[in-house]
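One structure is given here, and the rest of the page talks about it.
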Number of protein chains: 2
Amino acid sequence: MSGLTDEQQHAWRSLMLATLVLDGALDRQSQRDGGMPHAYYKALVLLYETPGRRLAMGALAAQLRYSLSRLTHAVASMEKSGWLRRSRSTDDRRVQFVQLTDAGIQTVRHVSPLQATEVRARAFSRLTAEQVQQLDAITAAIVQGLDSPTS
Amino acid sequence: MSGLTDEQQHAWRSLMLATLVLDGALDRQSQRDGGMPHAYYKALVLLYETPGRRLAMGALAAQLRYSLSRLTHAVASMEKSGWLRRSRSTDDRRVQFVQLTDAGIQTVRHVSPLQATEVRARAFSRLTAEQVQQLDAITAAIVQGLDSPTS
DNA sequence: GCGGAATACTTGAAGGCTCAACTAAGTTGT
DNA sequence: ACAACTTAGTTGAGCCTTCAAGTATTCCGC
């Protein structure tokens with residue numbers, strides 16, 4: 001309340017509401033079509049797009065902005081489901097590599113277009129091309145200032 | 001991937017990243033300053049702004065876009081913490097009213113300005129006034145089409 | 001090359017969220 | 001007035017995330 005202008009406050013609440021609903025929709029969609037939470041699916045996609053489809057836990061966590069603990073639990077669960085497997089680096093035996101399996105690749109290929117459809121239906125079908133550019137610029141500006149104190 | 005333009009995909013990922021980090025920051029802030037998750041704090045704020053500081057479970061859930069189940073768990077926990085109390089309606093004995101307590105009011109008043117500072121630091125300090133308007137319009141358009149199939 | 005600090009990740013407990021099943025109370029049709 | 005249906009909310013199990021603490025390995029200074 002105090003400290004934000006009316007416009008800021010209204011935009012803030014609208015943003016929180018929009019993301020609450022988007023996240024909910026995406027999570028239900030991931031669960032339905034892929035049998036996993038959306039947060040897990042994002043990890044699979046990142047691996048899928050990585051050359052070799054393999055990353056160390058730390059690198060994966062950093063790119064996803066997940067805590068290492070969260071990722072450890074997630075990877076353990078996804079390994080049980082067969083979408084990926086872990087292997088210790090021989091080079092530095094503290095690091096664990098996470099490798100996407102064939103089953104994981106198939107799952108990404110299956111879920112990906114369904115996800116895109118959902119995102120278009122929920123978000124982009126309602127926005128102009130100009131608004132997409134604006135949204136990109138706005139969110140990029142916010143992401144920019146992460147973990148840097150404040151302006 | 002398929003089905004989204006490059007611009008859409010880039011904006012989408014940026015949005016997911018921005019909201020992931022914003023939610024995380026707000027949650028840590030709510031936990032630190034108010035001793036509760038941000039989702040709980042939002043319920044307190046809504047009650048705070050409601051005349052009489054009292055709402056039925058269903059009305060509260062609808063405005064927050066929470067499931068009734070989620071809200072039941074949340075309210076049970078917040079009642080234990082003393083921020084609100086429940087009372088059955090005598091009019092229709094299925095409905096439960098949720099009333100903010102004095103302790104809840106104090107908590108909202110304490111957390112609110114700290115929250116605003118956090119939001120400004122993380123988000124609005126990086127945006128122009130024009131971008132705030134744009135963000136409002138964009139998120140409003142997304143929220144607009146909720147629970148309506150698709151365009 | 002040894003002791004201490006740093007790095008990379010894991011673990012377990014506690015709490016929040018979802019989903020499906022359930023209870024209780026009001027409404028409707030006949 | 002009674003059965004069937006609907007509405008309002010609760011419950012419990014299971015999974016996900018966080019947080020604090022722990023393990024294992026490597027790096028650094030001397």
Side-chain angles (χ1 to χ4, degrees), chain A residues 19-32 34-44 54-81 83-99, chain B residues 19-32 34-44 54-81 83-99:
Chain A
T19 60
L20 175 74
V21 176
L22 282 176
D23 280 345
L26 269 280
D27 231 339
R28 259 169 269 119
Q29 201 262 339
S30 274
Q31 204 64 254
R32 178 165 35 75
M36 75 188 89
H38 186 227
Y40 286 20
Y41 174 70
K42 285 196 283 184
L44 291 190
R54 197 178 73 139
L55 276 176
M57 292 289 291
L60 192 48
Q63 291 197 55
L64 290 166
R65 256 82 163 193
Y66 292 174
S67 72
L68 226 25
S69 173
R70 178 184 191 175
L71 188 62
T72 296
H73 288 302
V75 163
S77 163
M78 288 191 280
E79 191 171 35
K80 263 189 212 157
S81 302
W83 292 310
L84 48 78
R85 61 175 172 283
R86 278 182 282 194
S87 59
R88 244 174 226 295
S89 165
T90 51
D91 185 48
D92 178 341
R93 283 184 335 215
R94 288 169 305 179
V95 354
Q96 285 266 43
F97 286 116
V98 182
Q99 169 93 249
Chain B
T19 60
L20 174 74
V21 176
L22 282 177
D23 279 345
L26 269 279
D27 231 339
R28 258 168 270 119
Q29 201 261 340
S30 273
Q31 203 64 255
R32 179 167 32 77
M36 75 188 89
H38 186 227
Y40 286 19
Y41 174 71
K42 284 196 285 185
L44 291 191
R54 197 179 73 139
L55 275 176
M57 292 290 290
L60 192 48
Q63 292 197 55
L64 290 166
R65 255 81 163 193
Y66 291 174
S67 72
L68 226 24
S69 173
R70 179 183 191 176
L71 187 62
T72 296
H73 288 304
V75 163
S77 163
M78 288 190 280
E79 191 171 35
K80 261 189 213 157
S81 301
W83 292 311
L84 48 77
R85 61 176 172 281
R86 280 183 280 196
S87 58
R88 247 179 220 291
S89 164
T90 51
D91 184 48
D92 177 341
R93 282 182 335 213
R94 289 169 305 178
V95 352
Q96 285 266 42
F97 286 116
V98 182
Q99 167 99 38

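Atom set for the values below is all heavy atoms of this structure, side chains included, hydrogens, waters and symmetry mates excluded. To find a chain, count down the sequence lines: A is the first, B the second, and so on, and within it residues start at 1. Nothing here was measured: the structure is a model prediction, and the numbers come from that model.
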Picking from C/dC9, D/dC16, D/dT17, the nucleotide nearest the side-chain atoms of A/Gln96 would be C/dC9
As a test of reading the structure: which of D/dA8, D/dC16, D/dT18 is closest to the side chain of A/Pro37, going by heavy atoms? D/dC16
Could you state the atom-to-atom distance from [atom1] of [X] to [atom2] of [N] in whole Å?
X	N	atom1	atom2	result
A/Glu79	C/dC9	CD	C1'	14 Å
B/Met57	C/dA24	CE	C1'	15 Å
A/Lys80	D/dG14	NZ	C1'	12 Å
A/Met36	D/dT17	CE	P	13 Å
B/His38	D/dT18	NE2	P	15 Å
B/Asp23	D/dT18	CG	C1'	15 Å
B/Leu20	D/dT18	CG	P	8 Å
A/Arg32	C/dA20	CZ	P	13 Å

Taking the side chain as C-beta and beyond, is there a heavy-atom pair between [X] and [Y] under 4.5 Å?
X	Y	result
B/Leu64	B/Arg70	no
B/Gln63	B/Leu55	yes
B/Val98	B/Met78	no

Please confirm whether the backbone N or O of [Y] pairs with a side-chain atom of [X], one donor and one acceptor, at under 3.5 Å?
X	Y	value
B/Thr72	B/Leu68	yes
B/Glu79	B/Arg86	yes
A/Asp27	A/His38	yes

Under the 3.5 Å rule, do the base of C/dT11 and the side chain of A/Ser69 count as making a donor-acceptor pair? yes
Once rounded to the nearest 0.5 Å, what's the spacing between atom [atom1] of [X] and atom [atom2] of [Y]?
X	Y	atom1	atom2	value
A/Ser87	A/Arg54	OG	CZ	6.0 Å
A/Thr90	A/Phe97	OG1	CZ	8.0 Å
A/Gln96	A/Leu71	CD	CG	10.5 Å

Report each atom pair, protein N/O against N/O of nucleotides 25-27 of chain C, whose distance is under 3.5 angstrom.
| unit_1 | atom_1 | unit_2 | atom_2 | d |
| --- | --- | --- | --- | --- |
| C/dG26 | OP1 | B/Arg93 | N | 3.0 |

For A/Gln31 and C/dT18, is the shortest distance between a side-chain N/O and OP1 or OP2 below 4.0 Å? no
Do any of residues 70-77 of chain B sit with a heavy atom less than 4.0 Å from DNA chain D, and if so which? B/Thr72, B/His73
When we call it a touch if two heavy atoms are under 4.0 Å apart, what does B/Tyr40 touch: a base, just sugar-phosphate, or nothing? sugar-phosphate
Base, sugar-phosphate alone, or nothing: which one does A/Ala61 contact when heavy atoms must sit under 4.0 Å apart? nothing
After noting the C-alpha distance and the side-chain angles of B/Leu60 and B/Tyr66, does the key distance pass the side-chain contact (heavy atoms from CB on, under 4.5 Å) rule? CA-CA 8 Å; B/Leu60 192 48; B/Tyr66 291 174; over 6 Å; no
Contacts of A/Arg28 and A/Phe97 projected onto DNA chain C by closest heavy atom; the upstream (5') one is A/Phe97
Nearest heavy atom decides the nucleotide; on that basis, is A/Ala39 or B/Ala56 closer to the 5' end of DNA chain D? B/Ala56
